[in-house]
Amino acid sequence: MANFYKDNDSLKHYLNHPLMSKIVELKERNFADADKYDYAPQNFEDAMDSYDRVLEIVGDICANIIAENAEDVDHEGPVVKNGHVNYATGTQKNLDACRKAGLMGMAMPRRLGGLNFPITPYIMAADIVSRADAGFENLWGLQDCAETIYEFASEEQKQKYIPRVCQGETMSMDLTEPDAGSDLQSVMLKATKKEDGSYVLNGVKRFITNGDSDIHLVLARSEEGSKDGRGLSMFIYDKRKGGVTVRRIENKMGIKGSPTCELVYKDAPAELVGSTRLGLIKYVMALMNGARLGIAAQSVGLSEAAYREALAYAKDRKQFGKAIIEFPAVAEILSTMKAKLDASRALLYACTRFVDMYKVYDDIAKERPLTIEEKKEQKYYSRLADAFTPLAKGMTSEYCNQNTYDCIQIHGGSGFMKDYTCERLYRDARITSIYEGTTQLQVVAAIRHVTTGTYLNKIHEFETMQVKTEDEAIKNILVDMTQQYADAVQAVMGVDDTKYHDFMARRLVEMAGNIIMGYLLLEDAQSDDSFRRSLNVYVKYGQAEVARHASFIGNFRPEQISDYLY
């Protein structure tokens, strides 16, 4: 039988990254749970075996249930009946399979019913699920909202809600409104405090993924008369309490199995999470970072599906007496697709490891004071996670869109027809560079790590890497690219004009991404020769991209900026 984990060796490569040893040891608190739970690992090897076995189950369900249902789900879609969502038949089967396999609440602690997985193997599961059906990943992946409850809610709320998620109840994050998309400071859904100290919510939310979920995290305005982010708080709404109805499901281009809802709140009872006024500036920021990592995984999964569809078609399709893969023009597209896919996955799992490291130290700090060395590591990895999350979300989603485009191109006219999977992949991919913060907003988040040197410092760390003889020429190219990048940063920041800085920001962020992804593939190739082809293709591709951006910046006169801005 097919298995979407076992047929992808790169996943095992990243699961076995050297840093995983420390991540697992810290996550498991030196395997203290071994005497409390019969399914807790005894040691590192036992933990890795557990991740491997669970990912095999994920791969099996994805290949033989979720992927098989994907086309029917795309056609049927969810519907609204009596103010609530009825999932497509295939979606319900998918959810049932995941619940029975215990694949909900994977990253939650065992004491709350979870598997206590680090972020890295959990995101691998999201990667695999997305390859099967990106729309379903939105439902399954929103279990990550439980992380926000775990980080910021009271112990009573953790005990009340997280076990329900681990048992299979679904979640949503209700943030955006008709007049507040990316500008969440404009949220106006009203939270009113009653005499008994409880809250009720009134207003409308729009574009809410899985909006009829069992448990909602809701951003609402709790401070009367406020107009900015300081008046917003985070709440939990429990569907069992009533008070929220689905007005409609959006008719979307893609990810049709995932219901995107407009919700009406009418005196819906809700519980405050943490402190008032911190809803946007603290809790939503943490929530969005997790969501952006999930979209990066979704993008990689879609890129994987697109590459495999394109490769299979190119091998099978005959023109002029031979398979079209034998034509250099087609082979060139495939090699670039594979390079972008591998570079995307390398960046994704570098990011998850950084997130794992800082989050586990955050969690340990709730139990005991961190040592000086631990605080230093926490700060180091927190900064890298903050820098790599928008880079990963931005770069992988753009490459996902490019790869699904190229998949259709290889299929030719057939790719334009709904008979082929690539047409659905193309539609599903388009949203990845839009939701949970557009690519342009990822640039806004990433650019400060250009100007403060976070990316350049990490690149210089990569430069100390010892490489095999056959990779020295590629490393030299990366060193030259780094100099072009450093010169471009200096040239842009040397101009005292914030509009000019913003205008050039995307180019600088992409240059950093090209170099970092090249180095990550170089690192992978030192232990696994299967990455060497993608390394060579991607670095040559990145070299051209960096040179293109450097040329634009070098030849652009700052006084021309008004000619480009509306």
Side-chain angles (χ1 to χ4, degrees), residues 10 13-14 17 19 120 123 292-293 296-297 299-300 303 339-358 380-400 402 439 442-443 445-465 467 471 474-489 505-527 531-532 534-550:
S10 63
H13 170 83
Y14 292 114
H17 188 278
L19 190 57
T120 298
I123 287 294
R292 286 165 180 171
L293 203 57
S299 298
V300 172
S303 278
K340 289 176 180 175
L341 165 62
D342 286 345
S344 294
R345 186 169 276 128
L347 180 60
L348 171 64
Y349 293 119
C351 187
T352 63
R353 292 190 297 270
F354 300 151
V355 172
D356 264 325
M357 285 297 294
Y358 99 81
Y380 172 76
Y381 285 111
S382 178
R383 186 169 183 79
L384 285 177
D386 190 53
F388 273 57
T389 297
L391 193 68
K393 200 278 185 181
M395 297 292 287
T396 62
S397 63
E398 291 294 329
Y399 283 169
C400 165
Q402 293 166 23
T439 300
Q442 303 314 306
V443 169
I447 190 61
R448 66 188 179 91
H449 294 287
V450 171
T451 59
T452 60
T454 307
Y455 295 134
L456 191 57
N457 289 339
K458 187 60 184 174
I459 289 168
H460 287 324
E461 285 184 33
F462 285 132
E463 287 177 354
T464 65
M465 185 194 319
V467 301
D471 296 323
I474 284 290
K475 184 179 178 182
N476 288 336
I477 293 173
L478 288 166
V479 171
D480 289 342
M481 290 163 63
T482 302
Q483 188 59 56
Q484 287 182 288
Y485 166 65
D487 290 344
V489 172
R506 177 185 62 84
R507 297 177 185 277
L508 295 176
V509 169
E510 286 184 7
M511 291 170 84
N514 293 143
I515 298 164
I516 288 169
M517 293 160 95
Y519 268 116
L520 288 169
L521 286 175
L522 179 62
E523 181 180 66
D524 291 333
Q526 302 316 296
S527 58
F531 288 97
R532 186 155 282 107
S534 283
L535 165 66
N536 282 281
V537 173
Y538 187 78
V539 170
K540 294 295 177 61
Y541 170 84
Q543 182 183 28
E545 289 294 290
V546 167
R548 180 171 65 87
H549 290 321

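Of all non-hydrogen atoms in S397 and S299, the two that sit nearest each other are CA-OG, 3.4 Å. When all heavy atoms of M511 and A488 are compared, the closest pair comes out as CE-CB, 3.9 Å. Of all heavy-atom pairs spanning C400 and S303, the tightest one is CA-OG, 3.3 Å. Residues A297 and L348 come closest through the heavy atom pair CA-CD2, 3.8 Å. What you find for A385 and V355 is that their closest heavy atoms are CB-CG2, 3.8 Å.
Interatomic distance, D524 CG to R345 CZ, rounded to the nearest 0.5 Å: 11.0 Å. One finds the CD1 atom of I477 at 4.5 Å from the CD atom of Q543 (value rounded to the nearest 0.5 Å). Taking CE of M357 as the start and OG1 of T352 as the end, the distance is 12.5 Å to the nearest 0.5 Å. Note that the OG1 atom of T389 and the CG atom of L293 stand 5.5 Å from one another [nearest 0.5 Å].
With hydrogens and angles ignored, the 3.5 Å screen pairs no side-chain donor or acceptor of D471 with any backbone N or O of Q526. Using modelled atom types, one side-chain atom of T464 and one backbone atom of E461 make a donor-acceptor pair closer than 3.5 Å. A donor-acceptor distance shorter than 3.5 angstrom exists from the side chain of Y455 to the backbone of A387, with no hydrogens or angles considered. With hydrogens and angles ignored, the 3.5 Å screen pairs no side-chain donor or acceptor of E463 with any backbone N or O of I459.
Between Y519 and F462, the ring-plane angle classifies as parallel under the 30° and 60° cut-offs.
Within the 4.5 Å cutoff, the side chain of F531 has no heavy atoms near those of the L522 side chain. Contact annotation: the side chain of R383 approaches that of T452 to within less than 4.5 Å [non-hydrogen atoms, C-beta and beyond]. Under the 4.5 Å side-chain criterion, counting only non-hydrogen atoms from C-beta, L391 is in contact with L347. The closest side-chain heavy-atom distance from R448 to T454 is not below 4.5 Å. For the pair K393/C351, no side-chain contact is recorded, criterion being any heavy-atom separation below 4.5 Å from C-beta on. For the pair V539 and L521, the minimum side-chain heavy-atom distance is 4.5 Å or more. Residues R506 and H549 have side chains in contact (heavy-atom distance under 4.5 Å, counting atoms from C-beta outward). Proximity of L384 to R353: side-chain heavy atoms (C-beta onward) are nowhere separated by under 4.5 Å.
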- [ ] Show your working on side chain to side chain contact (heavy atoms under 4.5 Å, CB included) between S344 and M517 and close with a plain yes or no.
- [x] CA-CA 7 Å; S344 294; M517 293 160 95; 4.3 Å; yes

TODO: Evaluate the side chain to side chain contact (heavy atoms under 4.5 Å, CB included) criterion for residues H449 and V509: first the C-alpha distance (whole Å), next the side-chain angles of each, then the deciding distance (0.1 Å), finally the verdict.
DONE: CA-CA 9 Å; H449 294 287; V509 169; over 6 Å; no

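For the salt bridge (Lys or Arg N to Asp or Glu O under 4.0 Å) test, no residue two or more places apart in sequence or in another chain qualifies with K475. Scanning for salt bridge (Lys or Arg N to Asp or Glu O under 4.0 Å) contacts around D342 gives K338, with sequence neighbours left out.
Salt bridge E510/R507: absent, no basic N to carboxylate O contact under 4.0 Å.
The ring-ring contact (aromatic ring centres under 6.0 Å, His included) with Y349 is formed by just one residue from the set F388, F354, Y14; it is Y14.
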All N/O donor-acceptor pairs, side-chain side in residues 480-487, below 3.5 Å, sequence neighbours left out:
from : atom 1 : to   : atom 2 : distance (Å)
T482 : OG1    : L478 : O      : 2.8
Q483 : NE2    : D487 : OD1    : 2.9

